[in-house]
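All residue numbers refer to positions in the sequence shown, counting from 1. Side chains are part of it too, since the values below use all heavy atoms of this structure and drop only hydrogens, waters and symmetry mates. Small disclaimer: the values here were computed from a predicted structure and weren't measured.
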Amino acid sequence: RDVGRIYVIRMELPDGLIVHKIGMTNSDRAVDRMMEILRSWFTRFRFVPYSELILDMSTSFPKELEEHMHKMLAHTKFIPHMKVNGGTEMFCDIDEFRVLHYLRTFNEDLAKKLDLSDQDYKNLGQWLSA
């Protein structure tokens with residue numbers, strides 16, 4: 001199994017809205033991915049949101065963990081009004097501390113056993129929401 005990276009980017013938009021991009025990359029550096037995303041914002045909107053890479057973590061299950069997080073946070077999905085790179089994997093109104101804690105303590109041994117119901121995902125997602 002290839003090792004990849006899960007990352008969380010915190011972006012503050014000009015109106016004060018906080019958006020989190022949760023994604024995965026096979027690159028050694030998530031900061032390179034963050035720069036691709038920010039370049040896309042500049043190209044579309046002619047501004048770059050204030051951004052911080054708040055998590056850059058190696059994992060053996062990057063795709064599965066990314067999909068797991070996106071299912072849990074589906075109810076908080078944020079989609080910019082113009083297409084930007086990574087724009088379908090952004091979320092607002094999340095509890096940043098809980099999301100980061102959840103990701104940092106995720107047990108990779110459980111990844112292959114994850115078979116949660118829609119209700120389970122909804123309940124976890126509500127716990128991760130602000």
Side-chain angles (χ1 to χ4, degrees):
R1 182 169 273 287
D2 291 334
V3 173
R5 307 197 75 72
I6 288 288
Y7 62 85
V8 179
I9 301 169
R10 180 183 193 273
M11 299 186 298
E12 185 173 343
L13 303 183
D15 64 359
L17 181 67
I18 304 296
V19 176
H20 291 83
K21 162 75 168 93
I22 301 173
M24 59 89 47
T25 183
N26 290 318
S27 170
D28 292 343
R29 296 170 14 125
V31 73
D32 293 342
R33 179 69 179 124
M34 181 174 90
M35 296 310 292
E36 290 173 359
I37 292 164
L38 296 179
R39 184 174 30 252
S40 176
W41 275 85
F42 181 75
T43 300
R44 284 287 182 206
F45 296 104
R46 289 297 183 224
F47 76 88
V48 177
Y50 174 78
S51 304
E52 295 178 67
L53 181 63
I54 58 174
L55 181 72
D56 179 8
M57 181 181 82
S58 178
T59 179
S60 298
F61 299 91
K63 185 170 177 41
E64 294 85 353
L65 184 51
E66 178 193 48
E67 289 174 0
H68 175 68
M69 294 303 295
H70 291 178
K71 282 183 185 178
M72 280 192 297
L73 297 171
H75 69 286
T76 65
K77 194 168 197 158
F78 172 82
I79 300 175
H81 68 274
M82 287 194 281
K83 186 177 178 179
V84 293
N85 198 323
T88 61
E89 301 172 331
M90 295 180 180
F91 307 92
C92 58
D93 298 325
I94 67 171
D95 186 317
E96 184 177 295
F97 177 82
R98 286 183 177 173
V99 168
L100 295 177
H101 178 74
Y102 186 87
L103 285 166
R104 287 182 181 128
T105 60
F106 185 78
N107 182 342
E108 290 188 357
D109 294 334
L110 295 176
K112 48 191 166 252
K113 299 176 187 172
L114 281 178
D115 189 20
L116 302 178
S117 70
D118 290 342
Q119 187 61 45
D120 290 336
Y121 274 112
K122 182 178 179 182
N123 292 339
L124 274 172
Q126 288 174 344
W127 180 73
L128 294 174
S129 299

To the closest 0.5 Å, what do you measure between CG (L73) and CD (Q126)? 11.5 Å
I want to check something: taking the side chain as every heavy atom from C-beta on, are L128 and V99 in contact at a cut-off of under 4.5 Å? yes
Trace of the side-chain contact (heavy atoms from CB on, under 4.5 Å) decision for M11 with L38: CA-CA 10 Å; M11 299 186 298; L38 296 179; 4.3 Å; yes
Check: N85/R44 side-chain N/O donor and acceptor closer than 3.5 Å: no
Find the distance between OG (S51) and NE2 (H20) and round it off to the nearest 0.5 Å. 10.5 Å
Consider only side-chain heavy atoms of I, L, V, M, F, W and Y, link residues closer than 4.5 Å, and tell whether Y50 and Y7 are in one cluster. no
Decide salt bridge (Lys or Arg N to Asp or Glu O under 4.0 Å) for R33 and E36; before the verdict, give the C-alpha distance in whole Å, the side-chain angles of both, and the deciding distance to 0.1 Å. CA-CA 5 Å; R33 179 69 179 124; E36 290 173 359; 3.0 Å; yes
Please tell me if the side chains of M69 and Y102 come closer than 4.5 Å, counting only heavy atoms from C-beta onward. yes
In Å and rounded to the nearest 0.5 Å, what is the CD to OG1 distance from E64 to T59? 8.0 Å
More than 12 heavy atoms from other groups under 6.0 Å of CG on D118: no
For the hydrophobic clusters of this structure (ILVMFWY residues joined by side-chain heavy atoms under 4.5 Å, transitively), does one cluster hold both V19 and I9? yes
Are more than 12 heavy atoms from other residues, nucleotides or ligands located less than 6.0 Å from atom CE of M82? yes
Hphob cluster co-occupancy, M90 + I22, side-chain heavy atoms under 4.5 angstrom: no
Please round to the nearest 0.5 Å and tell me the distance separating atom CZ of R10 and atom CG of L53. 13.0 Å
For W41 and P49, the nearest pair of non-hydrogen atoms, with its separation, is CB-CD, 3.9 Å
Assert yes or no for the condition that the ring centre distance of Y121 to H75 is strictly below 6.0 Å. no
Are V31 and D56 packed together at the side-chain level, in the sense that at least one heavy-atom pair is separated by less than 4.5 angstrom? no
What's the separation between atom CG in D93 and atom CG in L17, rounded to the nearest 0.5 Å? 7.0 Å
Between F106 and H68, is the gap from one ring center to the other below 6.0 Å? yes
Cluster overlap M34 with F42, hydrophobic side-chain contacts below 4.5 Å: yes
F47 vs F45 aromatic rings, parallel, tilted or perpendicular, using cut-offs 30° and 60°? tilted
With side-chain contact (heavy atoms from CB on, under 4.5 Å) as the test, would you mind laying out the steps for L13 and F78 before giving the verdict? CA-CA 12 Å; L13 303 183; F78 172 82; 3.8 Å; yes
Is a side-chain donor or acceptor of S27 paired with a backbone partner of A30 at a separation under 3.5 angstrom? no
Side-chain heavy atoms nearer than 4.5 Å, only ILVMFWY residues, links allowed to pass through others: does that put I54 and L65 together? yes
Could you report the tightest heavy-atom contact between E89 and G23, atom names first, then the distance? OE1-CA, 4.4 Å
In this structure, are over 12 heavy atoms from other groups packed under 6.0 Å from D28 atom CG? no
State whether the number of non-hydrogen atoms from other residues, nucleotides or ligands found under 6.0 Å of R29 atom CZ is greater than 12. no
Roughly how far apart are K21 NZ and I37 CD1, rounded to 0.5 Å? 4.5 Å
Test of ring centre spacing under 6.0 Å for F91 and H70: yes
Taking E67 first and then K71, would you say they form a salt bridge - that is, a charged N and a carboxylate O separated by under 4.0 Å? no
Which pair of non-hydrogen atoms, one from N26 and one from P62, has the smallest distance, and what is that distance? OD1-CG, 4.5 Å
